[in-house]
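Below: one structure, written as structure tokens.
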Amino acid sequence: MAEGQYPATLAEISLPGSFFARPAQAVAPELIGCRLVKRQPSGALLWGVIVETEAYCQSEPACHGHRRRSPSNETLFGEPGRFYVYVSYGIHHCVNVTTGRSNWANGVLLRAVELPGEPYRVAAGPGLLARRFGIDRSFDATPAHPDQQLWIAPRLEPLSSAELVQASRIGISQGQALPWRWYLRSSRSVSRRVKERPLP
DNA sequence: AATATGATGTAA
DNA sequence: TACATCATATTT
């Protein structure tokens with residue numbers, strides 16, 4: 001594929017609503033290798049490959065919607081395929097995409113993205129990701145669709161299962177037992193990796 | 001690995 | 001008021 005042709009497809013192809021209408025733990029690994037795309041005010045497209053995700057579900061205690069439904073987490077209970085943006089530790093914005101069905105808190109946290117032509121680790125972590133893409137609460141509840149400013153484009157090629165690492169989630173005090181974090185093994189832009197035993 | 005930082009939401 | 005928080009940066 002020609003160099004300049006690649007970004008053009010980003011606005012033409014995006015993940016359909018049906019992709020998000022499934023449990024978060026099914027969607028999260030399939031988002032690895034997909035591309036987060038933002039249309040800049042100039043019209044230029046900023047994009048990067050999603051290399052780390054985590055799934056959250058109302059039934060487990062680490063989920064923002066586990067305890068109560070409130071104005072701040074309302075989007076997580078809404079229809080799938082929208083961005084849920086929250087403020088973490090009062091400082092950082094974190095970007096999720098809603099999954100599942102309405103009235104059931106379910107979503108995938110986008111933890112790291114790798115941007116072509118930029119230094120590694122500029123978006124290696126959910127707060128850094130939101131900062132690099134200029135995403136704040138004004139993006140909360142917006143549909144992940146190319147007729148908006150922010151959406152997700154599918155992978156160009158299938159991902160080898162050997163490239164996918166499954167691990168437990170980060171930064172939570174409850175629900176650590178669930179292995180609901182996924183990342184791209186070959187990426188240098190993953191926020192934190194588990195130590196892997198070398199093959200015998 | 002441990003700690004300082006920071007501000008927002010929620011309960012008391 | 002008090003408290004916990006889906007982090008990050010800086011230090012041992």
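Quick note on labels: first sequence line is chain A, next is B, and so on, each numbered from 1.
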Both distances under 3.5 Å, Watson-Crick or G-U wobble: report the partner of B:dT8, or none. C:dA4

Give a yes or no on whether the backbone of A:Y56 and the side-chain of A:E60 come within a donor-acceptor separation of less than 3.5 Å. no

Between C:dA9 (C1') and A:R121 (CZ): distance, integer Å: 13 Å

Please determine if a side-chain N or O atom of A:H92 lies less than 4.0 Å away from the OP1 or OP2 oxygen of C:dT8. no

Step-by-step salt bridge (Lys or Arg N to Asp or Glu O under 4.0 Å) determination, A:R169 to A:E54: CA-CA 7 Å; A:R169 297 173 295 180; A:E54 282 178 358; 5.5 Å; no

Just compare B:dT5, C:dC6, B:dT10 and give me whichever is closest to any side-chain atom of A:I91. B:dT5

If I take atom CG in residue A:L31 and atom C1' in nucleotide C:dC6, what distance separates them, rounded to the nearest angstrom? 16 Å

Are A:L129 and A:L36 side-chain neighbours, meaning at least one heavy-atom pair lies under 4.5 Å? yes

Phosphate OP1/OP2 of B:dA11 contacted by A:R67 side-chain N/O (<4.0 Å): no

Quick one: which of B:dG9, C:dA9, B:dG6 gets closest to the side chain of A:L128? C:dA9

I want to confirm an ordering. Mapping A:V87 and A:G125 to their closest nucleotides on DNA chain C, which one lands closer to the 5' end? A:V87

If we ignore hydrogens and angles and just use 3.5 Å, is the side chain of A:E114 paired with the main-chain N or O of A:Y120 as donor and acceptor? no

It should be established whether A:S191 places a side-chain nitrogen or oxygen under 4.0 Å from OP1 or OP2 of nucleotide C:dA7. no

I need the CZ-C1' distance between A:R192 and C:dC6, as an integer number of Å. 13 Å

Whole-Å distance separating the CG atom of A:L129 from the C1' atom of C:dC6: 13 Å

Check: A:S14 and A:P146 side chains under 4.5 Å, non-hydrogen atoms: yes

Distance, rounded to the nearest Å, where A:R68 contributes CZ and C:dA4 contributes P: 13 Å

Whole-Å distance, A:Q25 CD to C:dC6 P, equals 19 Å

CD of A:Q174 versus P of C:dT5: gap in Å, rounded? 7 Å

From CG of A:L109 across to P of C:dT8 the rounded distance in Å is 9 Å

For B:dT5, is there a stacking contact with A:Y89, counting only centres under 5.5 Å and planes under 30°? no

Tell me what A:I172 touches on the nucleic acid: a base, only sugar-phosphate, or nothing, going by heavy atoms under 4.0 Å. sugar-phosphate

Counting the atoms with a prime plus P, OP1 and OP2 as sugar-phosphate, which does A:S173 contact under 4.0 Å by heavy atoms, base, sugar-phosphate, or nothing? sugar-phosphate

